[in-house]
Enquirer: 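Below is the structure I would like to discuss, written out as structure tokens.
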Amino acid sequence: MIELKKTYSPEEIEDKWYAFWEKNGYFMPDMEAAEPPFCIVIPPPNVTGSLHMGHALNVTIQDILARWKRMLGHKVLWLPGTDHAGIATQNVVERELSKEGLSRQKLGRDAFIERIWKWKAEYGSRIIHQLKKLGASCDWSRERFTLDEGLSKAVREVFVRLFEEGLVYRDNRLINWCPRCHTAISDLEVEHEEIEGKLYFIKYPLTPPLAPLAKGGKGGYITVATTRPETILGDTAVAVNPEDDRYKNLIGKNIELPLTGRKIQIIADSLVDTAFGTGALKITPAHDFNDEAVGKRHKLSSISVIDEDGFMNERAGRRYSGLDRYACRKKIVEDLKELGLLEGEKRHLHSIGHCYRCKTAIEPLLTVQWYVKIESLAADAVSAVEEKKIKLVPEQWENNYFAWMREIKDWCISRQIWWGHQIPVWYCPDCFSENRVLNGELIEHIFFEPVTPPLIKGGKGGVNAITGGIYSELRKSGISHDEIIKNSKIIKAHKSVKPICERYDITACPECMSRNIIRDPDVLDTWFSSALWPFSTLGWPANASNNSEDLKTFYPTNTLVTGFDILFFWVARMIMMGLKFMGDVPFREVYIHALVRDLKGQKMSKSKGNIIDPLVMIDKYGADAFRFTLAAFAAQGRDVRFSEDRVEGYRHFINKLWNATRYIVNNEEAWLQKPMHGRDASLKLPEQWILSRLAFTVDEVNKHLSHYRFNDATNSIYQFIWHEFCDWYIEFTKPILYKGSSEERATIINCLFFVLEKSLQLLHPFMPYVTEDIWHNVFKQSKSIMMSKYPDAMERDIDAEEKMGHVIDAITGIRSIRGELNISPALEIRADIKADIKIGSADIGNVLKENLSAIMKLTRCREIKIGKDIRRVKGSAVSVKEGMEIYIPIEGLLDISSEVLRLKKEMAKINEAMSFLNKKLLNEDFLKNAPNDIVQKEREKFNDFVNKKEKIEENIDLLKQIGKSQ
RNA sequence: GGGCGAUUAGCUCAGUGGAAGAGCGCUUCCUUCACACGGAAGAGGUCGCAGGUUCAAUCCCUGCAUCGCCUACCA
């Protein structure tokens, strides 16, 4: 005898079944599987991360697909892993170090990296454990990490090949610099945020001074408007619009730049918006992207006045040097005020770039960085989507994708941190550059802390500590090559220094054999390695020790499941790299899901404190209910506003399923004798019906899943299990199960078990744990439900569905009367049903008679008369359904007038509907233009109403007569 | 500034060119031998506003409003 507790407790079984699956290797692809391979690579979560709602939705969707395809017989590989999250991870470990009074420079590069690996070993698998809690059926034996050996090889190979083809290059230009993380970041990693700042109006004196030139002109100076007064120190021009009459005559004139005394020129550039500010724009090519462009057009010089830490440097002048950029702003405003050069200031809302990681305001800095030349790669990536080699779902994302790809800029891939793939490039200070300058003269070092040069024999040395400088000079001062490298926080190799890019590490310059080579200290953007994920994880590049079977079998992968927030960061870049290095798309379809927001529609964030923790949800409701909720919310093209009530609702659904199972297994013995395998002509109507509804549901669910319509799939299953299987079929079985013959019982019990098993299988991709638990308990299988066959292609029986519809009509008709007239449920009543019509193949009267005991039980009637010539008993309540009239004698049961009231209410509804239809049917245009079947349908509807109305009217009259005679 | 999306029952959301659906909540009744994490019966919406196309519009088009998001060189 199967024993099940009265309620389902997820916490008791989830870990058990997960361990069972993993132990038996069920997550690994079955290479013998008959259907084609199906591969998903997980969007690698950040190693420092912990599970949030976004992961939960993302992983749930992937798991549903993986389990579904696996049960359908495909060779399924869902490949998991994490990425090394360069900046984030380095930050985490640096924070840890600082608590110990240490720093990365004190440790040195190698020791620091070792320390991060140690951290990773300890904490890096947290997110993996959390994915397992969710039930993710990833093949953990293939788990990868973007910094592991194989993936690092892939990164190196890709970099070298791109270098050889000239697709990666170094250039000196403005980049987005985070003064706190101390690294360059790409355009995408900058978050723009509206901030209320100030617009300062500053007078720039003309030199020599001029008389007023236009009305309103101020003659002696030109006023510029700026939000960043501190950058005045780096101004190299003032620009006006060439069409601007106010300033036309000033073009070419000189200005004495305040606070510096430098002379700069007024130039004309159409970039300038005459309507904004004063129409005069100060140009700081070294600290503003627009200004950089203007500078290039006009060949202006660039003066950097801010350093890598966000402080003013020596070029800012003695008065300001060493100040934080904001402190400097304040001071400069004061100074200008004192000089009478501040004309005014006003509040100003503008958007400012911030570091995505630490939210510090970005400082545009002029530096040499590595870039990927993106144009040709992007063009191919656009074609792949245009030609539908890759399908984005929902399709609307394609527009976004194209728009971004069309305006794509070269990708800055170097990062000034230590944790990551170090760029495989060396510089030789002892070789000469193209213009015959010693490279050592072109390489600048900035030290972490001042270094005191050792005493040089005969020289002074050892006196003044230095903060860095030109390589050659540092050497001359007596600091050794190794010391220079060890102490360098930043190494700036001039653009003209030739990079030596190698597949394998080198220790000497291949040209001059010098052993003083300097490796490029930068590492690559984490996304550079993520871009290779779909093939690097499968074993690319192949070599002797790695035959890359997986790559052959599973590339291109099938579906990528991801959020739109990393469409550009990651998806677009994978497409480019896949096409470039594999010659084929990395995946066929990209399912782009929504963001999970809170109830109010706000993005969840720590600072808002509106985070819902998936692990808390799992604890409270179980992983199954939580997953089902996410799937039910995953409608396409809309964000998810997460609501805990829904989780609770689906938790109840599980309980419903659990208890239906308890009902069924009470009769295990009968089932064991002859299990059912499917439809059979000898079955009775309710069985034919539920099997047909099951077939319908199976079809719907498969269809919805193949279109990524997860919410529709969950709804179909929910509707079927609760409202068809439990509400109707199980109720139908009760009279027979309790009172039928053993043969009747056996058939029904077999059917119950059959439908239960199919339901569990249907549900398994969504609710892996409870389905496994029940399946094992009930069906006593040694394997796993996840390895069983997914229901597919069952036959419907429309005729049975129609017939059952009449039975259900009869029951609801009687129940409505009972309910609305408040007839006590304890009271057994009598009903008469006049059924004289044949609809389709169904003689309604016969159908009802054949199912009489169920109808009686479900309506608590002690007697039901069914026939063609049933006569209405005086004082009956009536319900008119298609093909039948139901009468319930209520005389003596209750007040006649409340029944009259009920019928009048129904009449009002009918009248309203009829007048609407009537208008339509009298409209010649409708009759002329609408398709025939629609007109026909509307006519039928109208006739039905006429019929119903007549009957109800008659009944009202009769009741009224009784009322009077009482 | 440009683009995209949203606006449907009290709440969270589906949906369709032919008189609107679900879950939760609400009302009434019911502790009937799977389940009160339950059952039965109900109430509740001029589908953001204004025009247009159509025999017919919640759905298609235009404009407006509100709210999101993405993107951008208003300093």
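Note: hydrogens, waters and symmetry copies are ignored here, and every other heavy atom, side chains too, is used. A, B, ... follow the sequence lines: proteins, then strands. Residue 1 opens every chain.
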Enquirer: Hey, can you pull the donor-acceptor pairs under 3.5 Å for the side chains in residues 913-930 of chain A, sequence neighbours left out?
Expert:
from     : atom 1 : to       : atom 2 : distance (Å)
A:Ser915 : OG     : A:Glu912 : O      : 3.1
A:Lys920 : NZ     : A:Glu938 : OE1    : 3.0
A:Asn923 : OD1    : A:Asp925 : N      : 2.9
A:Asn923 : OD1    : A:Phe926 : N      : 3.4
A:Asn929 : ND2    : A:Asp925 : O      : 3.1

Enquirer: Take a 6.0 Å sphere around CZ of A:Arg862 and say whether it holds more than 12 heavy atoms from other residues, nucleotides or ligands.
Expert: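 Yes, the 6.0 Å shell around CZ holds more than 12 heavy atoms from other groups.
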Enquirer: Nearest whole Å is fine: how far is B:A72 P from A:Ile352 CD1?
Expert: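 Distance, rounded to whole Å: 16 Å.
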Enquirer: How long is the gap from CD1 on A:Ile888 to CG on A:Leu821, to the nearest 0.5 Å?
Expert: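 Interatomic distance, A:Ile888 CD1 to A:Leu821 CG, rounded to 0.5 Å: 8.0 Å.
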Enquirer: Counting primed atoms plus P, OP1 and OP2 as sugar-phosphate and everything else as base, spell out the protein contacts along nucleotides 51-60 of chain B at 4.0 Å heavy-atom distance: B, S or - for each nucleotide, 5' to 3'.
Expert: ----B-----
Enquirer: Which whole-number value in Å describes the distance from A:Asn822 CG to B:C30 C1'?
Expert: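 Answer to the nearest Å: 11 Å.
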Enquirer: From CZ of A:Phe568 over to C1' of B:C69, roughly how many Å is that when rounded to an integer?
Expert: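 Answer to the nearest Å: 12 Å.
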Enquirer: Roughly how far apart, to the nearest Å, are B:C59 and B:G3 at atom P?
Expert: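 These two P atoms come out 23 Å apart once rounded.
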Enquirer: Does anything in residues 266-288 of chain A form a ring pair (Phe, Tyr, Trp, His ring centres under 6.0 Å)? List the pairs, not counting sequence neighbours.
Expert: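 Listed once each, the pairs are A:Phe276-A:His348.
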Enquirer: Between A:Asp624 and A:Tyr769, is there a donor-acceptor pair closer than 3.5 Å when you use the side chain of the first and the backbone of the second?
Expert: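 Present.
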Enquirer: From CG of A:Asp565 over to P of B:C70, roughly how many Å is that when rounded to an integer?
Expert: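 Going from CG in A:Asp565 over to P in B:C70 covers 9 Å.
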Enquirer: Taking atom P in both B:C13 and B:A6, what distance in whole Å separates the two?
Expert: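 Result for the P pair: 13 Å, nearest Å.
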Enquirer: Using atom C1' of each nucleotide, how far apart are B:G2 and B:A14 to the nearest Å?
Expert: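 32 Å, rounded to whole Å.
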Enquirer: What nucleic acid atoms does A:Asp712 come within less than 4.0 Å of, heavy atoms only: base, sugar-phosphate, or nothing?
Expert: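 Here A:Asp712 touches the backbone only, sparing every base.
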Enquirer: Any idea how A:Phe653 and A:Phe628 line up, ring-wise: parallel (<30°), tilted (30 to 60°), or perpendicular (>60°)?
Expert: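 The rings of A:Phe653 and A:Phe628 sit tilted, inter-plane angle from 30° to 60°.
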Enquirer: For side chain to side chain donor-acceptor pair (under 3.5 Å), just list the numbers for A:Ser186 and A:Glu189, CA-CA rounded to whole Å, side-chain angles, deciding distance to a tenth of an Å, and then say yes or no.
Expert: CA-CA 5 Å; A:Ser186 77; A:Glu189 286 162 317; 3.2 Å; yes
Enquirer: Quick check: A:Tyr718 with A:Tyr650 (ring centres under 6.0 Å apart)?
Expert: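 Yes.
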Enquirer: Less than 4.0 Å between a side-chain N and a carboxylate O, is that true for A:Lys198 and A:Glu345?
Expert: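 Result for this pair is yes, salt bridge flagged.
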Enquirer: With heavy atoms under 4.0 Å as the rule, sort A:Glu648 into base, sugar-phosphate or nothing.
Expert: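 Result for A:Glu648 = nothing.
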Enquirer: B:A40 and B:C24: how far apart are their P atoms, nearest whole angstrom?
Expert: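 Straight-line distance between the two P atoms is 12 Å.
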Enquirer: Can you see whether A:Phe766 has A:Arg627 sitting over its ring - NZ or CZ less than 6.0 Å from the centre and within 45° of the normal?
Expert: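 The answer is no; the distance or angle limit is not met.
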Enquirer: Closest nucleotide of RNA chain B for A:Asn399 versus for A:Arg860: which of these residues is on the 5' side?
Expert: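 The residue whose closest nucleotide sits nearer the 5' end is A:Asn399.
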Enquirer: If you count the non-hydrogen atoms of other residues, nucleotides and ligands that lie under 6.0 Å from NZ in A:Lys703, is the total more than 12?
Expert: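 Enclosed: over 12 neighbouring heavy atoms sit under 6.0 Å from NZ of A:Lys703.
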Enquirer: Look up atom CG in A:Asn241 and atom OH in A:Tyr247, then write down how far apart they are to the nearest 0.5 Å.
Expert: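 A:Asn241 atom CG to A:Tyr247 atom OH measures 11.0 Å (nearest 0.5 Å).
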Enquirer: Determine the interatomic distance between P on B:A43 and the same-named atom on B:A22; round to the nearest Å.
Expert: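 Here B:A43 and B:A22 have their P atoms 12 Å from each other.
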Enquirer: Which is true for A:Ile730 with a 4.0 Å heavy-atom rule: it touches a base, it touches only sugar-phosphate, or it touches nothing?
Expert: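 Answer is base: heavy atoms of A:Ile730 come under 4.0 Å of a base.
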Enquirer: B:G45 and B:C11: how far apart are their P atoms, nearest whole angstrom?
Expert: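 Straight-line distance between the two P atoms is 13 Å.
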Enquirer: May I have the distance from A:Asn715 (atom CG) to B:A22 (atom P), rounded to whole angstrom?
Expert: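 My rounded result for the distance is 11 Å.
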Enquirer: Is the count of non-hydrogen atoms from other residues, nucleotides or ligands lying under 6.0 Å from A:His707 atom NE2 greater than 12?
Expert: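 No - once you tally the heavy atoms of other residues, nucleotides and ligands closer than 6.0 Å, there are 12 at most.
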Enquirer: How does protein reach along nucleotides 36-43 of chain B, written 5' to 3' as B (base within reach of a heavy atom under 4.0 Å), S (only sugar-phosphate), or - (no contact)?
Expert: SBSSSSSS
Enquirer: Please name the residue in the list A:Trp397, A:Phe564, A:Phe568 that meets the ring pair (Phe, Tyr, Trp, His ring centres under 6.0 Å) test with A:Trp404.
Expert: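 Going through the options one by one, the only one that passes is A:Phe568.
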Enquirer: What's the CD-C1' distance between A:Gln396 and B:G5, to the nearest Å?
Expert: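 Atom-to-atom, A:Gln396 to B:G5, this comes out as 7 Å.
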Enquirer: Roughly how far apart, to the nearest Å, are B:G15 and B:U7 at atom C1'?
Expert: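 The same atom, C1', in both gives a distance of 15 Å.
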Enquirer: Between protein and nucleotides 73-75 of chain B, what N or O pairs are separated by less than 3.5 Å?
Expert:
from  : atom 1 : to       : atom 2 : distance (Å)
B:C73 : O4'    : A:Asn290 : OD1    : 2.3
B:C73 : O4'    : A:Asn290 : ND2    : 3.4
B:C73 : O2'    : A:Asn290 : ND2    : 2.7
B:A75 : OP2    : A:His348 : NE2    : 2.7
B:A75 : O3'    : A:Thr227 : OG1    : 3.1
B:A75 : N6     : A:Asp273 : O      : 2.6
B:A75 : N6     : A:Phe276 : O      : 3.0
B:A75 : N1     : A:Asp273 : N      : 3.1

Enquirer: B:A56 and B:U16: how far apart are their P atoms, nearest whole angstrom?
Expert: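 Rounded to whole Å, the distance is 22 Å.
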Enquirer: Does NZ or CZ of A:Lys734 come closer than 6.0 Å to the centre of the six-membered ring of A:Tyr663, within 45° of the ring's axis?
Expert: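 Relative to the ring axis of A:Tyr663, which defines the angle, A:Lys734 lies inside both limits.
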Enquirer: Dot-bracket for RNA chain B, please. Rules: Watson-Crick or G-U, both distances under 3.5 Å, ( ) within the strand, [ ] when a pair crosses earlier ones, | for another strand, . otherwise.
Expert: (((((((..((((.......)))).(((((.......))))).....(((((.......))))))))))))....
Enquirer: Rounded to the nearest Å, what distance is computed from the CZ atom of residue A:Phe633 to the C1' atom of nucleotide B:C11?
Expert: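 One finds 11 Å between C1' of B:C11 and CZ of A:Phe633, rounded.
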Enquirer: For the pair made of CE in A:Met405 and C1' in B:U71, what is the distance, rounded to whole Å?
Expert: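 To the nearest whole Å, that distance equals 16 Å.
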Enquirer: Just call it for A:Arg709: base, sugar-phosphate, or nothing, with non-hydrogen atoms closer than 4.0 Å on any strand.
Expert: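 Sugar-phosphate: the residue A:Arg709, judged by heavy atoms under 4.0 Å, touches backbone atoms but no base.
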